[in-house]
Amino acid sequence: QVQLVQSGGGLVQAGGSLTLSCAASGGTFSSYTMGWFRQAPGKEREFVSHIRRSGGGTKYADSVKGRFTISRDNAKNTVYLQMNSLKPEDTARYFCAATARFGVVTTTGLYDYWGQGTQVTVSS
């Protein structure tokens, strides 16, 4: 079993920055594609970003492209999401996730393990 423990999040004003982290244990971190998703109240969970096992390939949702950066440190078993130029519409609970699948993986049902989530609130 893989456990994902998230940290970071909080309240920030529009235009500000925030960094989320997700530490993995109980598995081989370097074997997993890692993703970030978010979910606002009353809305479905949506894809934000993912990163290949080696860290060389990334993908972003159009809504965050150019503002968010995903990265990973396999030596620390940790994936990060740096969020810049935050907007009120970025307000949501953010989840990290892991999947043994590789390639382009943007669907929630294809991920095997999930973190507990952390709230990000962006004020106007």
Side-chain angles (χ1 to χ4, degrees):
Q1 183 179 1
V2 174
Q3 295 84 42
L4 303 177
V5 180
Q6 299 180 222
S7 61
L11 176 65
V12 64
Q13 63 182 352
S17 299
L18 206 59
T19 299
L20 308 180
S21 65
C22 176
S25 63
T28 305
F29 180 76
S30 61
S31 297
Y32 293 93
T33 296
M34 299 297 298
W36 287 97
F37 293 77
R38 66 187 183 185
Q39 186 170 20
K43 300 180 64 177
E44 294 186 358
R45 191 168 299 182
E46 66 176 354
F47 169 78
V48 175
S49 181
H50 71 31
I51 186 168
R52 294 178 182 175
R53 293 174 293 174
S54 67
T58 59
K59 183 177 178 63
Y60 299 90
D62 289 340
S63 59
V64 306
K65 194 173 300 181
R67 300 187 297 117
F68 290 12
T69 301
I70 188 172
S71 62
R72 68 190 297 163
D73 186 339
N74 287 345
K76 296 181 178 180
N77 292 349
T78 302
V79 64
Y80 305 90
L81 184 68
Q82 182 178 345
M83 304 179 291
N84 299 324
S85 301
L86 283 162
K87 305 175 181 179
E89 51 263 43
D90 294 319
T91 295
R93 191 166 184 85
Y94 285 71
F95 299 85
C96 66
T99 177
R101 299 173 174 85
F102 50 88
V104 178
V105 187
T106 61
T107 303
T108 58
L110 297 179
Y111 281 79
D112 305 297
Y113 307 100
W114 293 85
Q116 293 298 114
T118 185
Q119 182 67 32
V120 172
T121 301
V122 184
S123 62
S124 301

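Just the heavy atoms: all of them, side chains too, but no hydrogens, waters or symmetry mates, feed the values below.
Here the straight-line distance linking atom CG of Leu81 with atom OG1 of Thr69 works out to 8.0 Å at 0.5 Å rounding. Note that the OG atom of Ser21 and the NZ atom of Lys76 stand 10.5 Å from one another [nearest 0.5 Å]. To the nearest 0.5 Å, the span separating CG on Leu20 from CE on Met83 amounts to 3.5 Å. To the nearest 0.5 Å, atom OH of residue Tyr32 and atom CG of residue Leu4 are 9.5 Å apart. Here the OG1-CZ distance, from Thr121 to Arg93, works out to 10.0 Å after rounding to the nearest 0.5 Å. Atoms OG and CZ, from Ser30 and Arg52 in turn, are 16.0 Å apart once rounded to the nearest 0.5 Å.
One hydrophobic cluster, built from ILVMFWY side chains closer than 4.5 Å, holds both Leu18 and Phe68. Placement of Trp114 and Val120 in two distinct hydrophobic clusters is found when ILVMFWY residues are connected by side-chain heavy-atom separations under 4.5 Å, directly or transitively. By the criterion of side-chain heavy atoms lying less than 4.5 angstrom apart, applied directly or through intervening Ile, Leu, Val, Met, Phe, Trp or Tyr residues, Met34 is grouped together with Tyr113 in one hydrophobic cluster.
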**Report entry** Check against side-chain contact (heavy atoms from CB on, under 4.5 Å), Phe95 and Val48
**Finding:** CA-CA 10 Å; Phe95 299 85; Val48 175; over 6 Å; no
Requested in this report: Check the pair Asn84, Ser17 against side-chain hydrogen bond (donor to acceptor under 3.5 Å, both in side chains), reporting the backbone distance first and the verdict last.
Outcome: CA-CA 4 Å; Asn84 299 324; Ser17 299; 2.9 Å; yes
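The main-chain N or O of Val122 is found under 3.5 Å from a side-chain atom of Thr91 such that the two form a donor-acceptor pair. For the pair Thr118 (side chain) and Ser7 (backbone), a donor-acceptor distance under 3.5 Å is absent. Judged purely by atom type and a 3.5 angstrom limit, Gln6 uses its side chain to pair as donor or acceptor with the backbone of Cys96. Checked by atom type and distance alone, the side chain of Asn77 never pairs as donor or acceptor with a backbone atom of Cys22 at under 3.5 Å.
The nearest pair of heavy atoms linking Thr99 to Tyr111 is CG2-CE2, 3.5 Å.
Residues in residues 19-40 take part in these salt bridge (charged side-chain N to carboxylate O under 4.0 Å, His left out) pairs, two or more places apart or across chains: Arg38-Glu46, Arg38-Asp90.
Checked against Phe47 for a ring pair (Phe, Tyr, Trp, His ring centres under 6.0 Å), the options Tyr94, Tyr60, Phe37, Trp36 give a single hit: Phe37.
Taking a 6.0 Å sphere around CD of Gln116, one finds it holds 12 or fewer heavy atoms contributed by other residues, nucleotides or ligands.
A search for salt bridge (Lys or Arg N to Asp or Glu O under 4.0 Å) contacts involving Arg45 returns nothing, not counting sequence neighbours.
By the 6.0 Å and 45° rule, Arg72 stacks over the aromatic ring of Phe29.
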